[in-house]
Each structure stands twice: as C-alpha cells, then as structure tokens.
K.L.:
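For reference, the structure I am asking about is given below.
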Amino acid sequence: MTTRDENELAVEGLRPELKRTHYCGEVSEGDVGKRVVVNGWVHKVRDLGGLVFVDLRDRSGIVQLAVDAQQMPGLAARCKQLRSEFVVSATGKVELRPQETRRDEGGASAIEVRLESLALLSKADVPPFVVQDDVKAKDELRLRYRYLDLRRPVMARRLTTRHLAMQETRRVLSDAGFIEVETPFLIRSTPEGARDYLVPSRIKPGNFYALPQSPQLLKQLLMVGGIDRYFQMARCFRDEDLRANRQPEFTQIDIEMSFGDESDIFDVAERVTCAVYKRVLGVEMNRPFLTMTFDEAMSQYGSDCPDLRYDLKLSDVTDRFRDSSFAPFAKAIEAGERVVGLCVPGGSDYSRRVIESLSAIVRPLGVFGLVWVKLGPDGVKSSMKGETTGSFTESLAQRMGAKQGDILLLGSGQKLKLLAAMGRLRQHIAREAKLIPEGRYVPLWVTEFPLFEKDEETGEIVPMHHPFSGILPEDEPLLETDPLRVRGRLYDLVVNDQEIASGSVRIFDPELQHRVLKTVGIGEEEARRRFGFFLDALRFGTPPHCGIAFGFDRMVMQLCGVNSISEVIAFPKTTAASCLMTGAPAAVDDSVLEELGLRLERGRDKEVDK
RNA sequence: GGGGUCGUAGUUCAGCAUGGUUAGAACGCCGGCCUGUCACGCCGGAGGUCGCGGGUUCGAUCCCCGUCGACCCCGCCA
C-alpha cells in the first residue's frame, strides 16, 4: 500500500467509536483538553497549504477543526479532499485558539478541535445553494431542496422553538386536567365556511371524505361524550387561496372544556400563552390579560386585533362635523357616514407628499381624501382652508387630545369600513415612525364579536365564526329581528398585532342551535342532512361547554420573529398549494382513478405533472 | 377569480427603456500555490436552451401575446 492510498478518503460505516460525544455547537471552553468526537456536515474548508481548517456543522451550530500538515501529513491530505456537505465523524482534542488569532468578532468561538482522525461517512454532490444561515437562494430553490434548507442551524432553531412551544403547551394543559385526544382526518364535511379538501372513497365509489377544517364538531361531541377537558395539536385543512400566514394545512392547539365559561377558557388559554412565551422568549406576561370588546377595538384602534404596543387612538368626531361648514363631511354625515380622525403626535411637519402617501393607504380601502389639520409652531393650518373657523379646528384638536406639533388626519365613510381603513393608517404610521417597541408582547382579549355578518356578494347572513357559537343572553331576542346586531360569546386572543387564538362559548341548547342555523339560512332539513349526527347528539344531554383554538403556526412565527408561517413549518407548500420537493399534487394512474370510480373531465387533465 | 413583482451561468444579480460583434459580475465549482484561517489570500480554468411557446422584425435576452413557476396583495379563508 502506498501512502497515497492511505490518504484516499473513502466512505466508511458508523463504527461505535465514530459516534459523537458532543454536538458541534456545544463544544465549549469548558471542554478544553478533552478528546471529543463530532459528527456533521462539512460547512467550509479553508486550506492554507500547511494548515487546514474545516468548519463542521450540525443542527446546533458550527465548530472549527484544525490540522497541521507537518504534524499530521496524512490527515491533512485527507481533509483537503473534503467538499461542502460531506458527512464526517471527526475526533480530536479541544484546544483554546491561540490568543492572537481570535479576532473574529460576533460570537466567534475561542476554541477549536485539533483533529486526530477523520472518517468520511457520506459524500455529497455540490449543493444547489450554499447552506448558510444567511441563505441567498430564492424560496423556490429552498423549497425544492428543503432538506438542505433545513440544515441551516437557524431552521433547526425554529423547529426547536416550535417543539418547545408544543411541549410546553402539552405540559400546561395536561397539568390542568386536559387530555389529548386524536380526532379523525377522514370525516364528513362540517359547516365552517372554508372549502374542504376531499378524499374519494374506494369502498363507496362516488362518496367522499372531507379533511377537517378544524375538529370543531368532533371536539364538541367529545364534550357530549363526557371527556370534559380535551386538547389536541390538531392538523387542519382548508382548500383556500394562500397567503404569507396561510398554508393549506396548519396546526391548531385545539381546546374544549365542559361546565365552564369565558373565565375558565381565558384562564387556561392565558396559562398556555404565558408558559410558552416565558419558556421560549423568557417574556413575562401579566395576568389577567386586558380585555376589550370588538366595538371598543374597532372604534379606538380600527382593528379587531389592535396592537397595544403603541397608543395612537382613533376618535369618532362625527358629531363635531354634523352641521359644520365643511361641506364634504357634513354631506357624508347626512348620508349616514361617520367621520373618524387620527391624531399623530409630532406630525405637524408632514409634507404634502407624506400626506398624499398616507391618503394612498386608505384610498383603496374606500376612504377618499384625507383631511388634515396641522398644529404647527406658526399656528393652525388645515386642508379645510377657509371653510371652518379657527375656533372650530381648535375645539376639534382639543377633542382629539392633540397638542402643539401634532397633525390630525380625518376621513369619512361607512362606519366599519372607515374604522378599518383608519386602523390600517394607524398601523402604517406607527411602523413608519418606529413607534412599535421591539421585544414587547402585549396580549389582549377581544370579546363580543358580532355573531353574524353580511356576505358582501350574496347579501346573505353568514356566521362570522361558525354557527355553533353562543349568544349574549341580552341579544337573544334580536336573533329573528336584527341578527346583524347579535353579539356572540366569542373571543379572540391577540398578541401585538396578531390573532393568536379564537374561540367561543358554544350553544348547547338544541332549540337555540336550530334558531341560529335558521338565521344563516340552514333549514331543519338541510341541517339534518349535513350534520344531523351533531344535532342528534345535542339532544342526549349536552353539558354547557366552550373552547378555543390557537393558530399554532402563527404563534411560533411570532416567537421566531419571522413573517411567514412557512418559515416555521418543516415542509411547507407554495402559494399555489404545491410541494416543490415532492411534486404534490400530482396525477395518478388511470387504474387508481378507475378503482375510485372517477374519471377526469376532458381538458382538466392537461396540466398534470409527468 | 383579479392586481402587482420576479424568472439570464450551480447561486444571487447586471444587461433589456433606445433590438445588432464573443451575454457580464460576484459568490460557488474544478486545478495549482500558500502554516492561524474563520467572507482566508493569490494564480489559472470550466460553466448559458437568457423559464417555455408563439408573434413582430433582415435580426429578439431585449418589443408584443400567451403559458408555466415563485413571491406579495385584494377577493376568499380564522
């Protein structure tokens, strides 16, 4: 055997002595002098000729291996053959790096592993993109080669955060007497508003299962079944168009309990939230969380998930402008519209251009022309020109709590639309002006949502949540007379600007359930046909019950400080709901279709993948 | 369903508004040199169906139409 052969890097199996003693990122100064074995992927080789450095990576981080060619010529020669993403086992002694070479700032390690032996466990093709936390590749590539993307330690950290949040949730709920029950994926379609994913039945051709949009009815049936306290890390499926924070399948922390009301749900949900934020971020949240009604949230913040990290409240100043000499608003009010304003502290120096850009935010939301009043150092200026008196603008400013140096921005429109638009404006200004403090997490309950809303297209009354949510007792008489004013026993948990969880006290009276279904146009016959099983159950002794579901992906997204849920899902789908890695969805063989009694409509099969 | 942005080397991008020699850069990759690198450095090299299809034109990466894919927004959806 020649020296050359000995130095050839050949793939070996994982002998016991090659198994790791440490994760790469966990070798520390405390290990100096120890012999360690690390397993991982070659992150980077820096071959200086007589000296070779290899950065070895695993999910915990990176450690530097060092070989001196003079001391270990064969080993150095072997290291020179390493390429990116080769999988190796490296054995060596942990050493402090020479003091003068520790000049890498930003958490550079003070130690390295003086290599004694190296085993190649797996070779690798040149990767399609460089695996590094600061990834340069586009989403398309990252998703196609997701397993390479996941090798980036930052991805492992996100999945670890997700894991921690999940474990913490399980611990808190289990300790509180909730038991985790799995519900089926292959179910009958339930009425929750979204489009179902369907699964054809082979045994009953022409029939379909639906994948659950959420386990809503099933968890209620668990309550009827006396389970009393249930939870589940539930996978949910909705066949709707995607967004940055929407995936066709996502995970809920699904919770339901019997013999309880809002206060019990708030208590348990707050305990879960506090525990998770504490465990993952070290953040303490004060309990009980703040509470406000939907009405308050909308009228003060223009959003049903108001961000309380900054102030900036909206004011309804309709009464000020009624009978005022400012015609545009006076007329709007006469037509039944409202006038809502936002006072921006220190905004009196906004240029025409800035104000125009702000108008551009609300215009597509149906608010035309933002009226402004500046309380500048050289007096009050207003886009209302001579149409209003100085005393009018002064009293308006006073009413809106404005002071010297502020600007008032006012718009008119139909109440909810206007508030939503002004809320968007509020959010935009807060972001631009950097009013949003980092690292703060402000939880809030929003309650008393309207139970129904009007479908803009059809004009029909539809449930805002789902048709199983209870009603505030005082609103019950309105059910038949003025359903849009009926408030539900609904609640959302908001953290910062995000809806984290949502739930309700359920209807447990079959009579009331029928009245609600009737209100949304589901007659007894249709109800029987679609979920008669559920209505039957209600008649066999239903405990009062209530529940909540956390949007788990969104919560983790917030915990990780990222702005897309795909970043916290191991194998996410694209905005076209396809998986670039596996190629799903894909065509199936005709024989499979035949077995299911299905035939594709001509023309619809032209786009199927190979 | 509608609107927007993008698609050029393995990757990230430039080039295209004003069509015309051999389509460039950086990183990565391959080879060589180099004993303290850590964005190593230096020398050399390979690498392109300009997403796909059609049209306009003497000529298209560039202009037009369509299509596919990715992302963002509205609709939709907790």
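Below, read A as the first sequence line, B as the second, and so on, with proteins coming before strands; counting in each chain starts at 1.
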K.L.:
Distance-only, no hydrogens or angles: does the Asp475(A) side chain make a donor-acceptor pair with backbone N or O of Arg487(A) under 3.5 Å?
P.N.:
yes
K.L.:
Whole Å only: how far is the CD1 atom of Ile565(A) from the C1' atom of A78(B)?
P.N.:
12 Å
K.L.:
Do side-chain atoms of Arg97(A) reach the backbone of Ile111(A) as a donor and acceptor pair under 3.5 angstrom?
P.N.:
yes
K.L.:
Nearest whole angstrom, please: distance from the C1' of C40(B) to the CG of Leu65(A).
P.N.:
17 Å
K.L.:
When rounded to the nearest Å, what value does the distance between P atoms of A25(B) and C33(B) take?
P.N.:
26 Å
K.L.:
Does C29(B) have OP1 or OP2 under 4.0 Å away from a side-chain N or O of Ser84(A)?
P.N.:
yes
K.L.:
Name the pairing partner of G24(B), where a pair is Watson-Crick or G-U wobble with both distances under 3.5 Å, or state none.
P.N.:
C13(B)
K.L.:
Would you check if the side chain of Glu270(A) reaches a backbone N or O of Phe289(A) as a donor-acceptor pair within less than 3.5 Å?
P.N.:
yes
K.L.:
Do Arg195(A) side-chain and G1(B) base share a donor-acceptor contact under 3.5 Å?
P.N.:
no
K.L.:
Just compare C34(B), G36(B), A78(B) and give me whichever is closest to any side-chain atom of Leu51(A).
P.N.:
G36(B)
K.L.:
With respect to the phosphate group of C77(B), does any side-chain polar atom (N or O) of Gln213(A) fall under 4.0 Å of OP1 or OP2?
P.N.:
no
K.L.:
Name the closest nucleotide to the Arg83(A) side chain, picking from A78(B), G31(B), C34(B).
P.N.:
G31(B)
K.L.:
With a 3.5 Å cut-off and heavy atoms only, can you find an N or O donor on one side and an acceptor on the other between the side chain of Arg46(A) and the base of C34(B)?
P.N.:
no
K.L.:
Please report the distance, rounded to the nearest Å, between CG in Asn563(A) and P in C71(B).
P.N.:
14 Å
K.L.:
Would Arg114(A) and Glu112(A) pass as an ion pair if we require N to O under 4.0 Å?
P.N.:
yes
K.L.:
Can you tell me, in whole Å, how much space there is between the P of C64(B) and that of G45(B)?
P.N.:
39 Å
K.L.:
Does A17(B) adopt a syn or an anti glycosidic conformation, taking syn as a chi angle within 90° of 0?
P.N.:
syn
K.L.:
Quick check against the 3.5 Å criterion: does Arg238(A) have a side-chain atom that pairs as donor or acceptor with the backbone of Gln213(A)?
P.N.:
yes
K.L.:
If you measure from the C1' atom in C13(B) to the same atom in U61(B), how many Å do you get, rounded?
P.N.:
15 Å
K.L.:
Answer yes or no: side-chain N or O of Arg246(A) and base N or O of C77(B) forming a donor-acceptor pair under 3.5 Å.
P.N.:
yes
K.L.:
Look at the side chain of Val126(A) and decide which nucleotide, out of G36(B), A78(B), C29(B), has an atom nearest to it.
P.N.:
C29(B)
K.L.:
Under 3.5 Å, side chain of Asp254(A) to main-chain N/O of Gln232(A), donor-acceptor pair present?
P.N.:
no
K.L.:
For the pair made of CD1 in Ile111(A) and P in C38(B), what is the distance, rounded to whole Å?
P.N.:
18 Å
K.L.:
In whole angstrom, give me the gap between the P atoms of C16(B) and G24(B).
P.N.:
14 Å
K.L.:
Closer than 3.5 angstrom, by distance alone: can the side chain of Arg246(A) be matched with the main-chain N or O of Asp241(A) as a donor-acceptor pair?
P.N.:
yes
K.L.:
For atom P, what is the distance between C65(B) and C72(B), given to the nearest Å?
P.N.:
26 Å
K.L.:
Taking atom P of C40(B) as reference, at what distance in whole Å does atom CD of Gln64(A) sit?
P.N.:
11 Å
K.L.:
Quick one: which of A70(B), G36(B), C77(B) gets closest to the side chain of Ser578(A)?
P.N.:
A70(B)
K.L.:
From CG of Asp125(A) over to P of G28(B), roughly how many Å is that when rounded to an integer?
P.N.:
19 Å
K.L.:
Could you check Phe449(A) against Leu580(A) and say which one's nearest nucleotide on RNA chain B is further toward the 5' end?
P.N.:
Leu580(A)
K.L.:
Tell me which nucleotide among C72(B), C77(B), G36(B) gets nearest to the side chain of Arg114(A).
P.N.:
G36(B)
K.L.:
Look at Thr575(A) and C73(B) and indicate whether a side-chain polar atom (N or O) is within less than 4.0 Å of OP1 or OP2.
P.N.:
no
K.L.:
Checking Asp239(A) side chain against Arg195(A) main chain: does a donor-acceptor pair fall under 3.5 Å?
P.N.:
no
K.L.:
Decide yes or no, distance alone: a donor-acceptor N/O pair under 3.5 angstrom between the base of G36(B) and the side-chain of Glu112(A).
P.N.:
yes
K.L.:
For the pair made of CG in Leu242(A) and C1' in A70(B), what is the distance, rounded to whole Å?
P.N.:
13 Å
K.L.:
Counting heavy atoms from C-beta on, name the nucleotide in C77(B), G36(B), C72(B) closest to the side chain of Ala244(A).
P.N.:
C72(B)
K.L.:
Write down the protein N/O and nucleotide N/O pairs, taken from nucleotides 7-16 of chain B, whose separation is under 3.5 Å; answer none if there are no such pairs.
P.N.:
unit_1 : atom_1 : unit_2    : atom_2 : d
G10(B) : O2'    : Pro128(A) : O      : 3.0
U12(B) : OP1    : Lys138(A) : N      : 2.9

K.L.:
I'd like to know if the side chain of Arg426(A) and the backbone of Asp307(A) have a donor-acceptor N/O pair within less than 3.5 Å.
P.N.:
yes
K.L.:
For A14(B) versus C50(B), give the span between their C1' atoms, rounded off to a whole number of Å.
P.N.:
13 Å
K.L.:
Let me see the working for Phe178(A) and Val268(A) under side chain to side chain contact (heavy atoms under 4.5 Å, CB included), right down to the final yes or no.
P.N.:
CA-CA 10 Å; Phe178(A) 288 79; Val268(A) 69; 3.6 Å; yes
K.L.:
At under 4.0 Å between heavy atoms, what does Arg363(A) touch on the DNA or RNA strands: base, sugar-phosphate, or nothing?
P.N.:
nothing
K.L.:
Ignoring backbone atoms, establish whether Lys44(A) has a side-chain N or O less than 4.0 Å from OP1 or OP2 of G28(B).
P.N.:
yes
K.L.:
Does OP1 or OP2 of A70(B) have a side-chain N or O of Thr574(A) closer than 4.0 Å?
P.N.:
yes
K.L.:
Taking atom types as they are modelled, would you say the side chain of Asp68(A) forms a donor-acceptor pair with the base of G36(B) within the 3.5 Å cutoff?
P.N.:
no
K.L.:
Please give the distance between the C1' atoms of G15(B) and C68(B) as a whole number of Å.
P.N.:
24 Å
K.L.:
Between the side-chain atoms of Arg243(A) and the base atoms of G75(B), is any donor-acceptor pair under 3.5 Å?
P.N.:
yes
K.L.:
Can you name the nearest heavy-atom pair linking Leu493(A) to Pro443(A), along with the distance?
P.N.:
CD1-CB, 4.5 Å
K.L.:
In terms of side-chain heavy atoms of Ala194(A), which of C38(B), C71(B), A78(B) is nearest?
P.N.:
A78(B)
K.L.:
Would you measure the distance from the P atom in C6(B) across to the matching atom in G10(B) and give it in whole Å?
P.N.:
22 Å
K.L.:
By nearest heavy atom, map Asp304(A) and Arg424(A) onto RNA chain B; which one lands nearer the 5' end?
P.N.:
Arg424(A)
K.L.:
Starting at atom CD of Gln70(A), determine the distance to atom C1' of G36(B), rounded to an integer number of angstrom.
P.N.:
14 Å
